[in-house]
Amino acid sequence: MSSDTQVAKLVLEGKEVELPVVTGSEQEKAIDIRKLRAETGYITMDSGYGNTGSCESAITFIDGEKGILRYRGYPIEELAARCSFLEVCYLLIYGELPDAKTKEEFESAVTRHTLIHEDMKKFFEGYPRNAHPMAILASMFCSLSTYYSSDAGLDQNIIRLMAKAPTIAAFSYKKSVGQPIIYPRNNLDYSSNFLSMMFAVPAQDYVVSPVLRDALNLLLILHADHEQNCSTSTVRMVGSSQANLFASMSAGVLALWGPLHGGANQKVIEMLQRIYEDGSDYKKYVALAKDKDSGFRLMGFGHRVYKNFDPRAQILRKAAEGVLAELGLKDPLLDIAKALEEVALDDPYFVEKKLYPNVDFYSGIIYRAMGIPTEMFTVMFALGRLPGWIAQWKEMREEAGSRIYRPRQIYTGATQRSLS
Ligand code: CMC
């Protein structure tokens with residue numbers, strides 16, 4: 001960020017206040033209001049933080065109007081086509097793509113830390129069989145802090161989190177289907193190992209499909225960071241109190257769970273299934289989404305930032321078609337999704353409100369083809385988003401003069417009154 005020679009002038013109660021203008025490396029501009037309250041007594045109101053810059057960050061750049069998403073300057077399309085998820089993790093967390101030696105060391109470290117402490121397996125036994133895996137993931141992330149202290153050093157705990165997250169996720173799935181857990185295998189890459197822990201069964205060979213491995217790698221990369229969204233800002237908020245890494249990531253999982261955020265991927269498939277069971281009359285649901293009284297929204301549509309297209313959704317639409325074709329599968333839900341998209345993109349309601357398919361619209365079709373149950377979809381999002389949360393947390397904690405997050409409010413309750 002550079003301080004600009006330009007200033008913003010605000011006239012309040014006849015008094016002129018000058019506020020500095022700051023400019024980011026992509027020429028994004030902001031008015032720095034930090035001194036506003038001290039000088040005028042006023043705060044700014046922005047419910048939902050739609051126009052509030054809460055931090056400076058060098059990690060991810062989004063231009064919502066142009067449909068641009070870049071991690072550390074690299075376009076998402078290039079990273080998705082050419083990198084492994086762990087390379088992208090390294091890029092997000094440490095700022096540069098790893099060279100060959102560093103890549104090998106990082107991958108080997110993540111691979112060698114995939115086991116969770118045997119005692120932690122007992123935690124899984126305590127949950128009811130139908131426990132939502134996001135609840136389990138959040139509590140297990142937090143529980144990691146009881147095994148690994150911050151004294152181990154940040155890099156070591158980053159490796160542990162990245163390595164153990166897929167193990168925890170897969171164990172929670174195995175618990176839900178009543179199958180024995182499958183331990184991680186050190187001879188497999190990150191995505192293959194996860195698929196093996198999910199779908200292998202004891203005493204039977206499990207060969208990882210390269211189609212599924214590559215599809216998972218792609219999905220994880222596309223979800224890896226998205227600047228200041230609900231879960232990431234939660235991670236920063238919690239971390240700003242100097243809460244430990246594991247506790248902060250647990251908070252991120254919980255924020256992601258909601259249906260307006262990462263939970264939307266589960267809701268999309270449930271919606272498509274409902275339409276299918278209702279005779280595939282998708283136009284009826286487009287009409288319902290336009291009717292405010294119905295309380296129904298087209299899940300997987302709309303985005304606070306993207307106002308033309310979500311580049312991740314475009315990549316995923318193609319990938320969904322490719323994965324189904326390669327596996328020789330046909331999914332009626334993909335046909336409904338494409339038909340819905342077509343109708344909505346042509347409908348004045350969606351056009352005027354700039355509502356387009358987002359990342360969650362097509363991801364579920366691929367997860368389904370992989371055999372991942374609907375309840376696990378948001379866990380898959382969390383596995384992908386983890387390096388982004390870590391990178392944002394690390395950036396905040398390493399920033400000179402970083403302060404605890406503490407917004408203001410305008411009080412609208414009762415004025416002073418007495419009990420008597
Ligand atoms: N279906 C129908 N109408 C919609 C939809 C939708 N999916 N999304 C927004 N609208 C309407 C909304 O009713 C409002 O209309 P009006 O201006 O007449 O009141 C207008 O569009 C703006 O909506 P908003 O809720 O004020 O927009 P927002 O920026 O606060 O919310 C959103 C963004 C993503 C939460 C919202 O579009 C939504 O609920 N989408 C469905 C859930 C979803 O797919 N979430 C995943 C988001 S992408 C991945 C992620 O971040 O996790």
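Order of listing sets the numbers, starting from 1, for every ligand and every atom in it.
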I need the atoms of ligand 1 closer than 4.0 Å to a non-hydrogen atom of Asp360, numbered in the order shown. 46 (C), 48 (S), 49 (C), 52 (O)
Quick one: which ligand 1 atoms are inside 4.0 Å of a heavy atom on Ala264? 43 (C), 44 (O), 45 (N), 46 (C)
Note: Lys353, heavy atoms under 4.0 Å from ligand 1, region reported as side chain
What protein heavy atom sits nearest atom 3 (N) of ligand 1, and how far away is it? Tyr349 OH, 2.9 Å
State whether Glu398 and Lys394 are salt-bridged, where the test is any N-O pair (Lys NZ or Arg NE/NH1/NH2 against Asp/Glu carboxylate O) under 4.0 Å. yes
Please report which non-hydrogen protein atom sits nearest to atom 42 (C) of ligand 1, along with the residue it belongs to and the distance in Å to one decimal place. Met299 CE, 3.5 Å
Pick, from Ala313, Cys230, Gly302, the option with the minimum heavy-atom distance to atom 34 (C) of ligand 1. Gly302
min-distance protein heavy atom vs atom 4 (C) of ligand 1 -> Leu355 CD1, 3.5 Å
Looking at Tyr90 versus Phe106, is the centre-to-centre ring distance below 6.0 Å? yes
Intermediate values then yes/no, side-chain contact (heavy atoms from CB on, under 4.5 Å), Cys55 and Arg236: CA-CA 9 Å; Cys55 62; Arg236 279 185 176 257; 3.6 Å; yes
Within a distance under 4.0 Å of any heavy atom of Gly262, pick out the atoms of ligand 1 and give their elements. 52 (O)
If you measure every N/O of Phe301 against every N/O of ligand 1, is any gap under 3.5 Å? yes
Does ligand 1 come near enough to Leu298 that some N or O of the ligand is less than 3.5 Å from an N or O of the residue? yes
Of the side chain and backbone of Lys292, name the one, both, or neither that has a heavy atom under 4.0 Å from an atom of ligand 1. side chain
Any protein heavy-atom neighbour for atom 28 (P) of ligand 1 (distance below 4.0 angstrom)? yes
Yes or no: does Gly300 have any heavy atom under 4.0 Å from an atom of ligand 1? yes
Under 4.0 Å, heavy atoms only, figure out whether ligand 1 is touched by the backbone of Val268, its side chain, both or neither. neither
Short N or O distance, Arg297 and ligand 1, threshold 3.5 Å exclusive: yes
Between Tyr147 and His117, what is the ring plane arrangement, given parallel below 30°, perpendicular above 60°, and tilted in between? tilted
Atoms of ligand 1 close to Leu260 [distance to a heavy atom under 4.0 angstrom, numbered from 1]: 39 (O), 45 (N), 46 (C), 47 (C)
Step through it carefully: locate the ring centre of His226, locate the ring centre of His261, and say whether they are under 6.0 Å apart. no
Any N or O of His261 closer than 3.5 Å to N or O of ligand 1: yes
For ligand 1, which atoms sit closer than 4.0 Å to a heavy atom of Phe381? 52 (O)
